[in-house]
Amino acid sequence: MREIVFDTETTGLSFSNGDRLVEIGCVELFNRVETGQTYHAYFHPERPMAPEAQAIHGLSDAFLADKPLFAERCDDLLEFLGDSPLVAHNASFDFGFLNGELKRSGRQMLSLSRMIDTVAMARTRHPGAKHSLDALCTRFGIDRSHRVLHGALLDAQLLAQVYVELTGGRQIGLTLVSDITEQAAPPVDASRSVARPQRIFAVTAEEAARHSQFLESVNNPLWGPLETQ
């Protein structure tokens, strides 16, 4: 099954209050495995960047000045998304901005039935714990040492690993044999082999007699009546 894990960066917290989408990063999964196919784009927001938002993702007005408008890139974005389920962390936030931009560009908005929210999944699986992307990376042992600032594609790649863990992990033990590089066993060094003396566990006459006596004492044995040789 094909799924898309994505993340967005914005000028603020509310599209309805005038904030805009400035970056999106998408990672393709097939049967919970990254295919290597990604989509990444920056957009000119047509408004100044809020200082609080820039402190989070580092995207300045100067950097975004020559970037295309969302409307100029939305068709290739929609082509990449296809009709696949869409996975995001706190998905209602990302869907709100993405659908806001699509509507503003005169495109059909995405159905919320496609939305998979990893925050909701984490709350169900680990109630009472921290559910930020950083906290989940720490919980699952995912390296995020290269995450200095938020970035849509980087965060989508980290979230893809978190999503796999939230849905049961990679199940390495179930990997098909054909997918594993088989390694030959190292040769045995016959010169270092040591022959052990034969060990004999013979039954004594007394032990055999006691065993026969026990068998004769069993009523209706499963093995039937004993035959005397």
Side-chain angles (χ1 to χ4, degrees), residues 1-7 26-38 83-91 113-147 154-229:
M1 179 178 68
R2 183 178 187 265
E3 296 170 295
I4 301 297
V5 181
F6 79 102
D7 183 65
C26 307
V27 174
E28 182 184 63
L29 300 182
F30 190 78
N31 290 340
R32 303 289 196 272
V33 176
E34 292 184 46
T35 65
Q37 298 298 312
T38 63
D83 59 358
S84 301
L86 303 176
V87 182
H89 203 60
N90 191 19
S113 64
R114 298 171 60 180
M115 183 173 70
I116 300 174
D117 185 4
T118 49
V119 170
M121 295 176 65
R123 285 174 177 163
T124 298
R125 183 168 175 179
H126 303 289
K130 294 182 179 180
H131 304 121
S132 67
L133 182 57
D134 283 342
L136 290 172
C137 285
T138 299
R139 173 180 290 276
F140 295 126
I142 297 169
D143 181 16
R144 55 180 177 83
S145 58
H146 51 308
R147 188 184 189 233
L154 171 60
D155 286 2
Q157 291 169 330
L158 292 173
L159 183 59
Q161 297 178 66
V162 167
Y163 178 59
V164 169
E165 295 299 331
L166 287 172
T167 53
R170 297 191 182 278
Q171 298 293 325
I172 295 175
L174 299 181
T175 304
L176 297 178
V177 174
S178 59
D179 294 335
I180 301 176
T181 303
E182 296 184 359
Q183 298 180 351
V188 176
D189 185 354
S191 65
R192 300 182 62 183
S193 299
V194 178
R196 296 180 178 178
Q198 183 180 5
R199 293 181 291 179
I200 301 176
F201 302 95
V203 179
T204 66
E206 180 183 358
E207 290 172 332
R210 290 171 57 191
H211 180 64
S212 297
Q213 184 179 7
F214 168 75
L215 293 178
E216 291 174 355
S217 68
V218 177
N219 294 323
N220 299 319
L222 294 176
W223 53 84
L226 295 176
E227 296 183 2
T228 304
Q229 300 294 331

Residues that T204 engages under side chain to side chain contact (heavy atoms under 4.5 Å, CB included), provided they are two or more places apart = E206, E207
inquiry  = With a 3.5 Å distance limit and no angle check, can you tell me whether T118 reaches the backbone of A88 through a side-chain donor-acceptor pair?
reply    = yes
key: Closest contact, heavy atoms only, E28 versus R2   = OE2-NE, 2.5 Å
request  = Please answer whether the main-chain N or O of A129 pairs with a side-chain N or O of H131 as donor and acceptor at a distance below 3.5 Å.
outcome  = yes
ask   = Could you go step by step and tell me if C26 and V5 meet the side-chain contact (heavy atoms from CB on, under 4.5 Å) rule?
value = CA-CA 6 Å; C26 307; V5 181; over 6 Å; no
query = Given the rule in the side-chain contact (heavy atoms from CB on, under 4.5 Å) test, do V87 and F6 qualify, once you have shown the distances and angles that lead to the verdict?
reply = CA-CA 6 Å; V87 182; F6 79 102; over 6 Å; no
task = Kindly compute the distance separating CG (L136) from CG (L166), expressed to the nearest 0.5 Å.
result = 6.0 Å
remark   = Scanning both residues in full, the closest heavy-atom pair of T167 with M121 reads CG2-CE, 3.5 Å
query = Without hydrogens or angle criteria, can the side chains of D134 and S132 be said to hold a donor-acceptor pair below 3.5 Å?
reply = no
query = Hey, does the side chain of N31 reach the backbone of M1 with a donor-acceptor pair shorter than 3.5 angstrom?
reply = yes
query = How many angstroms lie between CG in N90 and CG in L159, if you round to the nearest 0.5 Å?
reply = 11.0 Å
key: Gap between atom CG of D117 and atom CG of L86 - 0.5 Å precision   = 12.5 Å
inquiry  = Let me confirm one number: the CG-OH distance from L29 to Y163, rounded to the nearest 0.5 Å.
reply    = 7.5 Å
key: No-hydrogen, no-angle side-chain donor-acceptor test under 3.5 Å, T138 and R144   = yes
key: Listed partners of Q157 passing side chain to side chain contact (heavy atoms under 4.5 Å, CB included), at least two apart   = V27, L153, L154
note = Rounded to the nearest 0.5 angstrom, the CG-CZ distance for D83 and R114 is 6.5 Å
note = Heavy atoms of R125 and G168 approach each other most closely as NH1-N, 4.2 Å
query = Roughly how far, to the nearest 0.5 Å, is CD1 of I142 from CD of Q161?
reply = 5.0 Å
inquiry  = How close do H89 and L133 get, counting heavy atoms only, and between which atoms?
reply    = NE2-N, 3.5 Å
inquiry  = Tell me whether R32 is salt-bridged to E3, with the criterion being a basic N under 4.0 Å from an acidic carboxylate O.
reply    = yes
query = Nearest heavy-atom pair of T124 and P127: which atoms, and what distance?
reply = O-CD, 3.7 Å
message = For the CZ atom on R210, are there more than 12 heavy atoms of other groups (residues, nucleotides or ligands in this structure) within a distance under 6.0 Å?
response = no
